[in-house]
Amino acid sequence: MEMQKTYNPKDFEDRIYADWESAGYFRAEIDENKVPFTIMMPPPNITGQLHMGHAMDATLQDTLIRFKRMQGYSALWLPGCDHASIATEVKIVEKMKEEGLTKADLGREGFLKRAWDWKEQYGNRIMTQQRKMGTSCDWSRQAFTLDEKCSRAVREVFVNLYNKGLIYQGDRIINWCPCCKTALSDAEVEYAEEAGHFWHFRYPAADGTSSVTVATTRPETMLGDTAVAVHPDDERYQSLVGKTLKLPLTDREIPVVADAYVDPAFGTGCVKITPAHDPNDFEVGLRHALPIIRVMNDDGSMNEKAGVYCGLDRYEARKRVVADMEKNGNLVKIEAHTHNVGHCYRCHSTVEPIVSKQWFVKMEPLAKPAIQAVMKNKTSFVPERFSKIYYNWMENVRDWCISRQLWWGHRIPVWYCKDCGKVICEKEDPTACPACGSKNIRQDEDVLDTWFSSALWPFSTLGFPEETEDYKYFYPTDVLVTGYDIIFFWVSRMIFSGIEHTGKVPFRDVLIHGIVRDEQGRKMSKSLGNGIDPLVVIDKYGADSLRLSLLTGVAPGNDTRYSDTKVEACRNFINKLWNAARFVLMNAEGKTIPSIESVKLAPADKWIVSKLQSCIREVTTNLNKYEMGVASDLVMNFVWDDFCDWYIELSKPALYGEDEKRKADALSVLCFVLENALKLLHPFIPFVTEEIYSNLPGTEGSIMISDFPRYNYKSSYKKEAKAFEGVMEIIKAVRAMKKDAECPPSKKVELFVVTENKRLVQLNKDCILKLAGASNLTLVEDASAVQGKTVSAVTELAQIYVPLGELVDIEKERARLTAEIERIDGEIARAESKLSNEQFVSKAPQKLVDAEREKVKKYQGMKEKCLAQLENL
RNA sequence: GGAGGCGUAGCUCAGUUGGUUAGAGCGCUACCUUGACAUGGUAGAGGUCGGAGGUUCGAGCCCUCUCGCGUCCACCA
């Protein structure tokens, strides 16, 4: 087939993906002769659409999995979706609202039917979008957190934790979203600084003899106050402790208690205590056996305990309370006050801390081994610094509120017997109460936090608790790739869940990446409208360019900025690769290409093979270290600089020459190097490498299941490569001289060369002529053999004289040589000062000392030659 | 309040256990349509690595202090 002059990804990306998929290359097979390598894809929400975060996540994982697959591992990348309990429910409710419907209208069953319909409609959208990225995941094992398999695992885990006493139900302060009308975990609350007020209220003593002043940011909660606290050592209030206060706006009297929680230096040193609506107050309340009076409904309105404020929205009640306090003279003052306010991470409403009966996971026993696992490197964070963030969270984690007052999710597997009150938690649905035999049992109405099932993802997807073949072979997984923003939500919980339920850490490494920001460094967000749609970028530049742009120059864990310019640069690179391939194929067409083993390698051949070998070695090392940015950089530089700019040009004298054997040999090397370069690049840019590979002579099958290149020491040709670089120096020197003398590049010049390695220069004469733009090269013994005015240069290998007649400017020549000598003197001085330092000579590694000595020798030789040339002028 | 990150060329960023002359892309200058590629080639310019000390034969990298800018966690009512 004919390759177009310009790389056009639209011609083949979709076609190639479909070919891969239908060929079954994504499927991981259980093969005892292979070593498994497993990555679990972080399941995107079913409501989600592909964004740059996914694109980066997918690119990193796909690069790794393709690399490992080519290396011969049985590579499983398991994809799936998360039911995203609250996020999905919020969206469905919004949609229903447009139709004038509420959850109550539909009822639980009706609502769930809608939710499943929604899942059918949108659940695959993001999976389709992922395919555009080239993701080579095993779609045959695709999972969904609410499917039978995952639900089974959830049930198993819940019951086991319950039986161990690690899941309990209790009245605790939780974060309540009045909009979603559900409890949230601590992790699901986002704090943001807001300008608010500090209202100072006077609470008179019941006997009328005195009063205290308290301050609050939420005046409406005073209706639920059951005490005022002062510090036990606060001398100002010693006499008040034990006294009773009259709570304004109510008919209640509340005590003054002493509690060390109070900071005497802050505010008035008196704190109103509202156990039902504040986490700290709740604790104080427990210590002093205070009543808990909840004054707010689930929707954020005030309840009957709020007296005349009953039925008012929380903010309306706030205004009225303040107004009434002012009216009765108990409003002391109002201060401006900025403070952190918690918001629901899904609907962004202000959350209310509220006492509520919820289900919790007891964290302490689970957190301890999870911390140990990371400390003992059973699981390692990459970069390592993220383990500190993990420790910090794990060490301070509070019990995990797992019940949600939602319908879309795993229903809590607990039944209550209405007759005897027994709480039933079993792996199979009960039909009757095991205690009293009553059939009058009902299931808990709530569902589980969506992250409860996500926490089981690495093993629930493989069949746990069944000892399936997949589970035995692929678990534990090798690396988890995700952004730092969900370490708490997800990574931590997978680690302790894996340890608790499977006895093993769920993954060996956690590769943490940063986020993709916009061109100005801002976070991409819906509200800013600065998000870039990966699909639009793919449409414009192709998936390969986008992928490459998300990896190159990005250090693990660091944020990166998206920019069209960067994608364009990557596209240009691929275009370069494309045209290099076109060049090779054009020349190879219709020819028999000898195998690389049968070729007698020319110096330039050995040089490029040597470069290829070190590239293979370094790319492999860096990929194994998850240094994708470094690895892609290495291979790009190899292809562009070494292969295209040098080797292809070096091959031209042979290709266009008369010697058929040389021609065939050069073609063999070109094909060999190109094929290896394509393989090295394939994990990064799978589509275009596949497209080119399929056109390459001597290849069959897909590049994605070919062998990744292995470093071959015998082909490293280090010495030969080094020697050849001397030839390259000559070429560069001539180019620079011509440019300097304003000699037109198209004008062929004559070269006279003095060298001690005549053989090397002679052997590469054709290359020098071609690349330096010269017509003739004559080896001479010294400058006296050269007629007429010349420009000249000195390299380590040679002195070069170029007779340029009229173009030669003696003064310019003199200046250039003088500058060169100055530079060389600098180098010699630097090296000699090091060598004259006894400490350096005795303490530095011998290799470095020797290198310095070599350097002095080399530059002294060059300096002499420069001086001689200067003399000749 | 605690933790962590960043500061390197005009811009965006790499720089892996300390070791030659600190790199890349974009941009910039000059020249070039040379039989793969102008989404290109050749030759260049451009950095006292935020600042100050210290350790070391040797510091962009390690230690201390300091300045500036993001981030996460906790939170005083």
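The shown structure was predicted, so the numbers you read here are calculated from the model rather than taken from an experiment. Convention: sequence-line order gives letters A, B, ...; per-chain numbering from 1.
- Nucleic acid contact class of Thr565(A) (heavy atoms, under 4.0 Å, all strands): sugar-phosphate only.
- The aromatic rings of Trp578(A) and Tyr7(A) are tilted relative to each other, their planes meeting at an angle between 30° and 60°.
- Using a 4.0 Å heavy-atom criterion, one finds that Ser842(A) contacts no nucleic acid atom at all.
- Across every strand in view, rA43(B) sits in a pair with rU29(B) that passes the Watson-Crick or G-U test at under 3.5 angstrom.
- Computed from coordinates, the Asp564(A) CG to rG27(B) P distance equals 13 Å when rounded to whole Å.
- The separation of rG50(B) from rG5(B), taken at their P atoms, amounts to 15 Å, rounded to a whole angstrom.
- Residue contacts shown for Arg218(A) are absent, as no nucleic acid heavy atom lies under 4.0 Å away.
- In this structure, Ala851(A) reaches neither bases nor backbone, as no heavy-atom distance under 4.0 Å exists between it and the strands shown.
- Residue Lys272(A) forms a side-chain hydrogen bond (donor to acceptor under 3.5 Å, both in side chains) with just one option from Thr226(A), Asp225(A), Asp278(A), Asp281(A), and that option is Asp225(A).
- If you check distances only, the side chain of Lys5(A) never reaches the base of rC37(B) with a donor-acceptor pair under 3.5 Å.
- Here the side chain of Asp518(A) pairs a donor or acceptor atom with the backbone of Gly521(A) at under 3.5 angstrom.
- Put simply, CD on Gln4(A) is 17 Å from P on rA36(B), counting in whole angstrom units.
- For the side-chain hydrogen bond (donor to acceptor under 3.5 Å, both in side chains) test with Arg218(A), the passing option among Glu352(A), His197(A), His277(A) is Glu352(A); the others fail.
- Counting non-hydrogen atoms under 4.0 angstrom, Glu838(A) reaches nothing in the nucleic acid.
- Distances were taken from every side-chain heavy atom of Arg830(A) (C-beta onward) to each of rG40(B), rU21(B), rA77(B); the shortest belongs to rU21(B).
- At the heavy-atom level, Thr6(A) lies under 4.0 Å from base atoms of the strands shown.
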- Query: Would Arg735(A) and Leu771(A) satisfy side-chain contact (heavy atoms from CB on, under 4.5 Å), going step by step from the backbone distance to the final call?
  - Reply: CA-CA 8 Å; Arg735(A) 284 169 174 170; Leu771(A) 271 69; 3.9 Å; yes

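- Side-chain nitrogen and oxygen atoms of Arg823(A) include none within less than 4.0 Å of the OP1 or OP2 phosphate oxygen of rU21(B).
- If you take NZ of Lys834(A) and C1' of rU21(B), they are 10 Å apart, rounded to a whole angstrom.
- Phosphate contact (OP1/OP2 of rU21(B), side-chain N/O of Lys855(A), threshold under 4.0 Å): present.
- If you take OH of Tyr203(A) and C1' of rA77(B), they are 11 Å apart, rounded to a whole angstrom.
- Contact of Glu649(A) with rA36(B) (side chain to base): a donor-acceptor pair of N or O atoms is detected under 3.5 Å.
- Judged by distance alone, the side chain of Asn624(A) and the main-chain N or O of Thr620(A) form a donor-acceptor pair under 3.5 Å.
- Of the N and O atoms on the side chains of Glu188(A) and Tyr345(A), at least one donor lies less than 3.5 Å from an acceptor on the other residue.
- Counting atom types as modelled, Arg735(A) pairs no side-chain N or O with a base atom of rU42(B) as donor and acceptor under 3.5 Å.
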- In 5'-to-3' order, the base (B), backbone-only (S) or no-contact (-) status of each nucleotide in nucleotides 9-15 of chain B, using a 4.0 angstrom heavy-atom cut-off, is ---SSSS

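- Relative orientation of the Phe198(A) and His337(A) rings is parallel, given thresholds of 30° and 60° on the angle between their planes.
- When the nearest nucleotides of RNA chain B are assigned to Arg582(A) and Gln839(A) by heavy-atom distance, the more 5′-ward of the two goes with Arg582(A).
- Using cut-offs of 30° and 60° for the angle between ring planes, the Phe573(A) and Trp640(A) rings count as tilted.
- Within 4.0 Å (heavy atoms only), Tyr859(A) reaches at least one base atom of the nucleic acid.
- Judged by distance alone with a 3.5 Å cut-off, a donor-acceptor contact links the side chain of Asn340(A) to the base of rC75(B).
- Asn396(A) comes within 4.0 angstrom of no nucleic acid atom, judged by non-hydrogen atoms across all strands.
- At a threshold of 4.0 angstrom between heavy atoms, the contacts of Arg571(A) include nucleobase atoms, whether or not backbone atoms are also involved.
- In this structure, Tyr656(A) reaches the rA36(B) phosphate: one of its side-chain N or O atoms is under 4.0 Å from OP1 or OP2.
- Here the separation of rG19(B) from rG53(B), taken at their P atoms, is 23 Å to the nearest Å.
- Looking at the side chain of Tyr191(A), the nearest of the listed nucleotides rA74(B), rA77(B), rC72(B) is rA74(B).
- Across all strands, Asn837(A) comes closer than 4.0 Å only to sugar-phosphate atoms, never to a base (heavy-atom distances).
- Look at Trp393(A) and you won't find any side-chain N or O under 4.0 angstrom from OP1 or OP2 of rG4(B).
- Residue Tyr261(A) is classed as a base contact, given a heavy-atom separation below 4.0 Å to a base.
- Lys738(A) has no side-chain polar atom (N or O) that falls below the 4.0 Å cut-off from OP1 or OP2 of rC32(B).
- Listed nucleotides: rC26(B), rA30(B), rA36(B). Nearest to the side chain of Lys739(A): rA30(B).
- Listed nucleotides: rA36(B), rU16(B), rG41(B). Nearest to the side chain of Lys625(A): rU16(B).
- Atom OH in Tyr541(A) sits roughly 13 Å away from atom P in rC26(B) (whole-Å rounding).
- To the nearest angstrom, C1' of rU34(B) lies 8 Å from NZ of Lys652(A).
- Although no hydrogens or angles enter the test, the distance criterion places no donor-acceptor pair under 3.5 Å between the side chain of Asp186(A) and the main chain of Arg398(A).
- In this structure, Cys644(A) reaches the bases: a heavy-atom distance under 4.0 Å links it to at least one base atom across the strands shown.
- When the nucleotides rG41(B), rA43(B), rU21(B) are ranked by their closest atom to the side chain of Glu827(A), rU21(B) comes out on top.
- Separating the CG atom of Leu634(A) from the P atom of rA24(B) is a distance of 13 Å, rounded to the nearest angstrom.
- Contact check on Arg561(A) versus Glu519(A) returns no salt bridge, with no Lys/Arg side-chain nitrogen under 4.0 Å from an Asp/Glu carboxylate oxygen.
- A straight line from CD1 of Ile648(A) to P of rG41(B) spans 11 Å, rounded to a whole angstrom.
- Within 4.0 Å (heavy atoms only), Pro845(A) reaches at least one base atom of the nucleic acid.
- When heavy atoms are screened at a 4.0 angstrom cut-off, His337(A) is found touching the sugar-phosphate backbone but no base atom.
- Between Lys523(A) and rG70(B), a side-chain N or O to OP1/OP2 separation shorter than 4.0 Å is absent.
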